[in-house]
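When reading the values below, keep in mind they use all heavy atoms of this one structure, side chains included, and skip hydrogens, waters and symmetry mates. A, B, ... follow the sequence lines: proteins, then strands. Residue 1 opens every chain.
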Amino acid sequence: MPRGPAMRWTTATLRAMSTQTSNAPSATRRGDIHRWRNTLIATTRDAPSDAELPSHVLMSRAGFIRRVGAGIYSYLPLAHRTLNKLCAIIREELEAAGSMEMLMPSMEPMEFFAGSKRDVDYGDNLFRLTDRHGRVAALAPTHEEIITDVVKAAVTSYKQLPLNLYQIQTKFRDEFRPRAGLLRCREFLMKDAYSFHLDIEGEGGLDEVYETMRTAYTNIFQRCGLDFSAVEAESGPIGGSASHEFMVNCETGEDTIMVCPETGYAANVEKCEIGERQWSLDHAATAEHQEHHTPKMPGIDLVAGALGTTAAGMLKPLVMQPAEPADDRPAWVLVTVRGDHDVNEGKVRDALGYAVKMGDEKAAKEAGFAIGYVSPRMVEKVESSVLVIDHDAVNGPTWATGADKYDHHDTGFNWQRDMAGVFGSASATDETPHARVRIAEVRNAEVGDPSPRAKGARLEARRGIEVGHIFKLGDKYSKAGDFQIMDKDQKRRHVIMGCYGIGVSRTMAACVEMSHDDNGIVWPVPLAPYAVVITLIKPEDEQSIDTATTLAASLATEGYDVLIDDRAERPGVKFKDADLIGFPLRVTIGPKTLEQNSVEIKSRSAESEAELVAIDDALEACKRRL
RNA sequence: CGGGGUGUAGCGCAGCUUGGUAGCGCGUCUCGUUCGGGACGAGAAGGUCGGAGGUUCGAAUCCUCUCACCCCGACCA
């Protein structure tokens, strides 16, 4: 016979406590009551040595996750409970937004990817496997192709649209470098939704559903108790403000968000616009041209130092080329920004009307570019090239730049004098001074740049973890999968799609990253594996058990999940574990409290001390704190 | 992929330079004393030293190959 109270907790009594007796659906879900002794909750003092970030360390130590391989984790019962709560919230909000749940396979034949060329776009990030017949399949990273195929088979008329479908499922990405525990995995839990429309605008159009989903996302993350920002993001194929990311605000986040403190405008650095700056082409030369020998200087700061200037005094021309060559596109795109700025490929694409990529180094050298020592003058020397200059790189009388021959740089470069061929007759603020020259905003925004939304305001930077991303896909996949339907005018048209993702397992980790202290995790109530832990100081004491049972039952009736710590451990161990796991509320029951006919209640988050509450008032006291 | 590093008990580590048959802390099990913030004493269990090959009387230790994993750089939920 086991020692202690185990014999008092028969399976039957537990079932009676935690199971609904009626078959009718109830508004409030009955909470679970579990005993620690019967669960798998293994806490440790030390974290695995590879864990660095708080979320990784704490979730490992608190017994939420266990690493199986690189970027692969088991979700232990605690994590599974939290994930389920997150999923329940997601389901409720998406169903309310008119989305229907379904489930697609993780394995999909490679042919599906050929049409959309994502087998190429995803490259090595796509997990591939070969079956016994030599057929190649992929473990799905997302399901645009499959869902398009499914809907295409069933939907032939505009009358069946709009349609909005989602699934919650394990996804696979063969990340080059999985890291940071659950934040960047090779296998992870994701909610992906897809919507289908005849039009972008109007009733039932993409824009309308996109807004509905945006609201649903806001509701989801709010209900989770997360501190988050919805920011404008790089959108891909359609352009405009057609994409938003949902970021959990957190200093350890990998993404940088730019924020205008006055208007609340927020955007990913990739996307962030920059407010108007003064610029002019009309700068007369103030210095003589001079060539300098600058061998073996990796890094622009070294070169700038050798030339007696700073990175901000240099021009940084990058040799790029169209991502997809075409007859009406040049072979080379020379993008020039100030030395201390970074080129933003999305903005170059918007300025030019087509996407660009870094130029092939070998081909660039053959075309005459002295890679590493290039100047904007090359646009005059290389046929089939265009020059794109950032506003900040054009605005100044004297620049240092490459000399267009190896190991040499020039100082005293002046746009008007040294490139008279293209700037000679241009007016001071002409953004197209020459057929092959464009002046545009093509750099990333930086801290201190003028806000694009409020005069005088300066952009600030914040960090975040991306947990959700919604965007307007347009007809990319319906064209790739040739999905057309008949419209009112009996014309066949490609459907318009939207796509909406939430990294479910990542959201759980981001929540820990955002909400923890020195003692452990601090779960918001909606995501906590159990809202309440009842710590028994003397787990074998009958009166303690009775009190705990009664309180747990009434909490469960109110919909709260309760864990009863009935382990034969010393109190200190139980308190430490409760703090580590991060239950929002701890109710302590022991001889000392029972003497006064009371229990002790303590919030995990609040600074306030533990409070002694009469047993009869315990339920209400708990509810007030949850 | 480029650069750096690590594989020894469930977790954290020492031992390797200078070969001699594996140890410490936490955890686990037993007994006793304890019992409101990670107790103490006594005893016990647990390891193909990542894998293969080689050198040697003898390899965790030296050599070769290999596998796995981690950290720093370009993508993404």
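A close approach under 4.0 Å does occur between a side-chain nitrogen or oxygen of A/Arg67 and OP1 or OP2 of B/C70. Between A/Arg66 and the phosphate of B/G10, there is no side-chain N or O to OP1/OP2 separation shorter than 4.0 Å. Residue A/Arg45 places none of its side-chain N or O atoms closer than 4.0 Å to OP1 or OP2 of B/G38. Phosphate contact (OP1/OP2 of B/C11, side-chain N/O of A/Ser60, threshold under 4.0 Å): absent.
Base pairing of B/C65: its partner is B/G51, meeting the Watson-Crick or G-U wobble criterion (both donor-acceptor distances under 3.5 Å). The partner of B/G10 is B/C26, by the rule that a Watson-Crick or G-U pair needs both atom distances under 3.5 Å. When Watson-Crick and G-U wobble pairs are counted only if both distances are under 3.5 Å, B/G73 pairs with B/C1. Across all strands shown, B/G41 forms a Watson-Crick or G-U wobble pair with B/C31, both key distances being under 3.5 Å.
Side-chain proximity of A/Arg570 to the nucleotides B/A39, B/C76, B/G38 is greatest for B/A39. Minimum atom distance to the side chain of A/Lys592 is reached by B/G36, of the listed B/C75, B/G36, B/C11. Of all nucleotides listed (B/G37, B/G36, B/U28), B/G37 comes nearest to the side chain of A/Arg586. When distances are taken from the side chain of A/Ile537 to each of B/G12, B/A77, B/G36, the shortest belongs to B/G36. Nearest nucleotide to the A/Ser49 side chain, out of B/C13, B/G37, B/G36: B/C13. Closest to the side chain of A/Arg173, out of B/C72, B/G38, B/C76, is B/C76. Each of B/C69, B/A77, B/G12 was ranked by its minimum atom distance to the side chain of A/Asp46; first place goes to B/G12. Which of B/A77, B/C75, B/G38 sits closest to the side chain of A/Arg506 comes down to B/A77. Side-chain atoms of A/Glu175 lie closest to B/A77 of the nucleotides B/C70, B/U34, B/A77.
Atom-to-atom, CG of A/Asp174 to P of B/C1 comes out at 12 Å; the value is rounded to the nearest Å. One interatomic measurement links the two molecules: CZ of A/Phe228 to C1' of B/A77, which rounds to 16 Å at whole-angstrom precision. Separating the NE2 atom of A/His244 from the P atom of B/C76 is a distance of 18 Å, rounded to the nearest angstrom. Taking atom CZ on A/Phe188 and atom P on B/C76, their separation rounds to 12 Å, with Å as the unit. Distance A/Arg186 CZ to B/A77 C1': 17 Å, rounded to the nearest Å. The nearest whole Å value for the distance from the CG atom in A/Leu536 to the P atom in B/C35 is 19 Å. Regarding A/His143, its NE2 atom lies at a distance of 14 Å from the C1' atom of B/A77, rounded to whole Å. A straight line from CD of A/Glu52 to C1' of B/G5 spans 12 Å, rounded to a whole angstrom.
Counting any heavy atom pair closer than 4.0 Å across all strands shown, A/Gly468 reaches sugar-phosphate atoms only and no base atom. Across all strands shown, A/Ala47 has heavy atoms under 4.0 Å from sugar-phosphate atoms exclusively, and none from any base. Note on A/Glu600: a base of the nucleic acid sits closer than 4.0 angstrom, heavy atoms only. Base engagement by A/Val573 is indicated by at least one non-hydrogen atom pair under 4.0 Å involving a base atom. The residue A/Asp192 sits apart from the nucleic acid: no heavy atom pair falls under 4.0 Å.
Checking A/Asp565 against A/Thr535 by side-chain atom types alone, no donor-acceptor pair falls below 3.5 Å. Side-chain atoms of A/His244 and A/Tyr210 form a donor-acceptor pair, as typed in the model, at a separation below 3.5 Å.
Electrostatic pairing of A/Arg179 and A/Glu254 counts as a salt bridge here, judged by a charged N lying under 4.0 Å from a carboxylate O.
The residue among A/Gly590 and A/Ile502 whose nearest nucleotide of RNA chain B lies closer to the 5′ end is A/Gly590.
Residues passing the salt bridge (Lys or Arg N to Asp or Glu O under 4.0 Å) test with A/Glu95: none are found, sequence neighbours excluded.
The main-chain N or O of A/Ile589 is never found under 3.5 Å from a side-chain atom of A/Thr593 such that the two would form a donor-acceptor pair. Side-chain N or O atoms of A/Asp517 include one that pairs as donor or acceptor with a backbone N or O of A/Gly520 at under 3.5 Å.
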